[in-house]
There are 2 protein chains.
Amino acid sequence: MSTKQPDCLQCAMREHSIFAGLSSEDICQLGMDVHDIHVTAGTTIYHESDPAQYAYTLRQGGIKLVKSLANGHAQIVRLLHRGDLFGFEGLRSDQHRHSAIALTGTDLCRLELRALDALSQRLPAMREAIFARWQQALQEAEDRIVELGAKKADARLATFLCQWCIAYRQQRAAPFPLTRRDLGEFLGLSTEHVSRIMADFKRQGLLHEHKGQIEIPEPQKLLRHACSDDTSA
Amino acid sequence: MSTKQPDCLQCAMREHSIFAGLSSEDICQLGMDVHDIHVTAGTTIYHESDPAQYAYTLRQGGIKLVKSLANGHAQIVRLLHRGDLFGFEGLRSDQHRHSAIALTGTDLCRLELRALDALSQRLPAMREAIFARWQQALQEAEDRIVELGAKKADARLATFLCQWCIAYRQQRAAPFPLTRRDLGEFLGLSTEHVSRIMADFKRQGLLHEHKGQIEIPEPQKLLRHACSDDTSA
DNA sequence: GATCAACTTTGATAATTGTCAATGCAGACA
DNA sequence: TGTCTGCATTGACAATTATCAAAGTTGATC
């Protein structure tokens with residue numbers, strides 16, 4: 001885990017983060033003890049049930065939030081993208097509710113929860129921003145419940161792949177750092193089953209994969225899998 | 001749908017609701033146009049994608065929040081209990097994100113979202129209370145994701161039944177207004193499969209059911225089903 | 001370039017879960 | 001009291017998904 005000296009005022013993420021609209025003085029008050037942390041793929045940033053001390057902003061790379069079960073299964077609760085804030089469930093409880101694991105080499109900012117809390121008490125704009133992210137996380141979680149509860153494996157996978165690629169619409173191909181196992185743990189499926197469905201999609205020309213990137217030539221075609229219940233469609 | 005005249009100041013729910021700690025004047029400002037609404041079992045209080053105008057407090061009874069899919073399946077996103085606030089996703093979007101349907105005869109309070117919003121802008125305690133509920137809903141949603149993604153049918157059902165009964169710990173038997181179909185739509189299972197597992201639990205003496213009430217004689221025994229992956233345990 | 005480890009693919013098989021159809025059961029109501 | 005309707009149960013069967021095992025691939029490292 002390597003670190004560099006802070007320069008929040010110049011940070012490229014600043015206006016996309018919960019700190020958008022804050023004055024320079026407020027930013028300086030944040031008390032970020034370490035900025036621009038870099039971790040390698042596979043690093044665990046914090047563990048489920050660790051005492052929560054920091055929240056993080058994802059500047060670059062990918063993170064999975066994972067819960068583990070007594071029966072040996074793991075469930076990825078959320079996947080984080082550039083700009084996402086995470087670890088801030090500690091604002092309301094003193095433990096982390098999941099483990100955070102880097103999917104790729106990843107750049108982070110770390111902030112003390114106490115400082116974040118104090119600042120959000122004082123600055124309505126920031127409280128609003130955190131509130132909004134909480135609300136968005138809830139909406140996404142509810143959508144996941146529907147996916148997991150009411151759709152079959154191929155439909156879940158199709159929906160997920162399309163949504164993933166929408167986030168990278170400008171580029172032809174989207175970076176795709178997830179393993180088959182990650183996909184399985186996110187979608188509630190076995191690694192092998194995911195692998196088979198991916199192979200099917202590729203054979204049907206609905207999906208291309210190359211060097212950690214994926215491309216969906218015609219998203220509508222793939223999405224037909226996502227909605228209908230029978231394979232004939 | 002029958003209604004009575006307001007008397008928020010005397011309301012038994014008051015101290016359990018987001019309005020706990022508010023002054024009498026503040027309460028009067030709430031602008032609740034209709035209080036103490038009663039609806040019968042099966043009534044749809046609002047529809048998914050309806051324009052969101054009101055939030056509701058559940059005073060008595062049960063509500064399910066449901067999302068419907070193109071493939072004909074329905075998914076119960078959340079089950080609400082006495083004291084829960086619902087419909088307030090409209091604070092951040094102008095449409096409801098699910099349908100709200102009464103499971104039993106149910107008493108509600110209805111409040112205008114605009115008034116709720118205005119009041120929460122003005123009163124930190126109320127904003128905090130709403131914030132806290134949002135956060136709790138997120139935590140519950142994430143727990144549901146784990147249940148749906150990483151557990152088998154009998155484990156999901158066992159966990160759910162135990163949690164349900166915990167809410168009624170003081171009583172020997174808990175009221176249980178859910179049909180097998182409701183259970184299926186909540187747990188992501190077919191009605192028949194739910195029925196079979198329930199019958200199994202009953203045959204094993206892990207569960208008793210009588211006249212819309214259930215009782216779990218030894219929760220630990222049932223919970224052993226909830227955690228392990230094999231039936232031998 | 002050889003080796004190693006992790007990831008992926010594929011096949012065979014078993015377990016889980018869904019679907020369809022028939023029957024039973026209980027409450028609502030005329 | 002009969003009838004009706006919705007819900008629950010059960011069985012038989014089919015579809016979906018998981019598990020286990022064995023190769024194949026790829027990328028990193030020495």
Side-chain angles (χ1 to χ4, degrees), chain A residues 40-43 64 69 71-75 101-105 147-158 176-203 207-214 225 228-233, chain B residues 40-42 64 69 71-75 101 103-105 147-158 176-203 207-214 225 228-233:
Chain A
T40 57
T43 306
K64 58 180 175 182
L69 263 77
N71 68 12
H73 283 248
Q75 178 69 37
I101 302 174
L103 295 167
T104 62
E147 292 292 312
L148 292 171
K151 285 190 184 175
K152 292 200 288 201
D154 57 342
R156 279 182 235 170
L157 189 49
F176 197 73
L178 300 170
T179 66
R180 299 293 188 256
R181 173 195 264 250
D182 287 330
L183 280 169
E185 290 181 352
F186 187 79
L187 299 170
L189 301 168
S190 69
T191 307
E192 295 92 333
H193 199 189
V194 171
S195 176
R196 277 183 247 267
I197 299 169
M198 290 289 278
D200 266 356
F201 285 167
K202 286 198 262 182
R203 272 189 287 269
L207 175 70
H208 304 296
E209 199 179 16
H210 185 63
K211 297 254 178 200
Q213 302 221 317
I214 59 170
H225 275 264
S228 71
D229 232 354
D230 54 3
T231 340
S232 63
Chain B
T40 57
K64 57 181 175 182
L69 263 77
N71 68 13
H73 283 249
Q75 178 68 37
I101 302 173
L103 294 167
T104 61
E147 292 292 312
L148 292 171
K151 285 190 184 174
K152 291 200 289 198
D154 57 343
R156 281 182 233 169
L157 189 49
F176 197 73
L178 301 170
T179 65
R180 299 294 187 255
R181 173 196 264 249
D182 287 331
L183 280 169
E185 290 181 352
F186 188 79
L187 299 170
L189 301 168
S190 69
T191 308
E192 295 91 337
H193 199 192
V194 171
S195 177
R196 276 184 249 266
I197 299 168
M198 290 289 280
D200 266 358
F201 285 166
K202 285 198 262 182
R203 271 189 287 270
L207 174 71
H208 303 295
E209 200 178 16
H210 186 63
K211 297 252 178 199
Q213 301 220 318
I214 60 171
H225 276 264
S228 71
D229 233 353
D230 54 2
T231 339
S232 62

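Protein chains get the first letters and strands the later ones, always in sequence-line order, with residue 1 at the start of each.
Atom-to-atom, CD of B/Glu209 to P of C/dC25 comes out at 16 Å; the value is rounded to the nearest Å. Nucleotide D/dG6 holds its C1' atom 16 Å from the CG atom of B/Leu178, rounded to whole Å. The separation between A/Arg181 atom CZ and C/dA5 atom C1' is 14 Å, rounded to whole Å. Look at NE2 on B/His210: it is 11 Å from P on C/dA26, rounded to the nearest Å. Atom NZ of A/Lys211 is separated from atom P of C/dC7 by 18 Å (rounded to the nearest Å). One can place CD of B/Glu185 at 18 Å from P of C/dT17, the figure rounded to the nearest angstrom. When rounded to the nearest whole Å, the span between CG of B/Leu187 and C1' of C/dG18 equals 15 Å. In this structure, NZ of B/Lys151 is placed 18 Å from C1' of C/dT17, rounded to the nearest angstrom.
Rounding to the nearest 0.5 Å gives a distance of 9.5 Å between NE2 of B/His73 and CD of B/Glu185. Rounding to the nearest 0.5 Å places CG of B/Leu207 at 8.0 Å from CZ of B/Phe176.
Scanning both residues, A/Thr104 and A/Pro177, for their nearest heavy atoms gives CG2-CB, 3.2 Å. Nearest heavy-atom pair, B/Leu157 versus B/Val194, reported as atom, atom and distance to 0.1 Å: CD2-O, 4.2 Å.
Taking A/Glu209 as the reference, A/Arg180, A/Lys202 meet the side-chain hydrogen bond (donor to acceptor under 3.5 Å, both in side chains) condition, with sequence neighbours excluded. Residues that satisfy the side chain to side chain contact (heavy atoms under 4.5 Å, CB included) test with B/Gln75, not counting sequence neighbours, are A/Ile145, A/Val146, A/Ala150, B/Arg144, B/Leu148. Residues satisfying the side-chain hydrogen bond (donor to acceptor under 3.5 Å, both in side chains) criterion with B/Thr191, sequence neighbours excluded, are absent altogether. Partners of B/Thr40 according to the side-chain hydrogen bond (donor to acceptor under 3.5 Å, both in side chains) rule, which considers only residues two or more places apart in sequence or in another chain, are B/Thr43.
The side-chain heavy atoms of A/Leu189 and A/Leu183, taken from C-beta on, include no pair separated by under 4.5 Å. A 4.5 Å side-chain heavy-atom check between B/Phe186 and B/Asp182 finds every atom pair outside the cut-off.
End-to-end axis angle for the helix from C/dG1-D/dC30 to C/dA30-D/dT1, using five pairs per end and rounding to 10°, comes out at 40°.
Sorted by residue number, the members of residues 188-202 of chain A with any non-hydrogen atom under 4.0 Å from DNA chain C read A/Glu192, A/Ser195, A/Arg196, A/Ala199, A/Lys202.
A salt bridge (charged side-chain N to carboxylate O under 4.0 Å, His left out) check over residues 186-200 of chain B, counting only residues at least two apart or in different chains, returns the pairs B/Asp200-B/Arg203.
Between D/dA8, C/dT8, C/dT19, one nucleotide has an atom nearer to the side chain of A/Arg180 than all others, and that is C/dT8.
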Pairs under 3.5 Å (N/O, protein and nucleotides 22-24 of chain C):
none

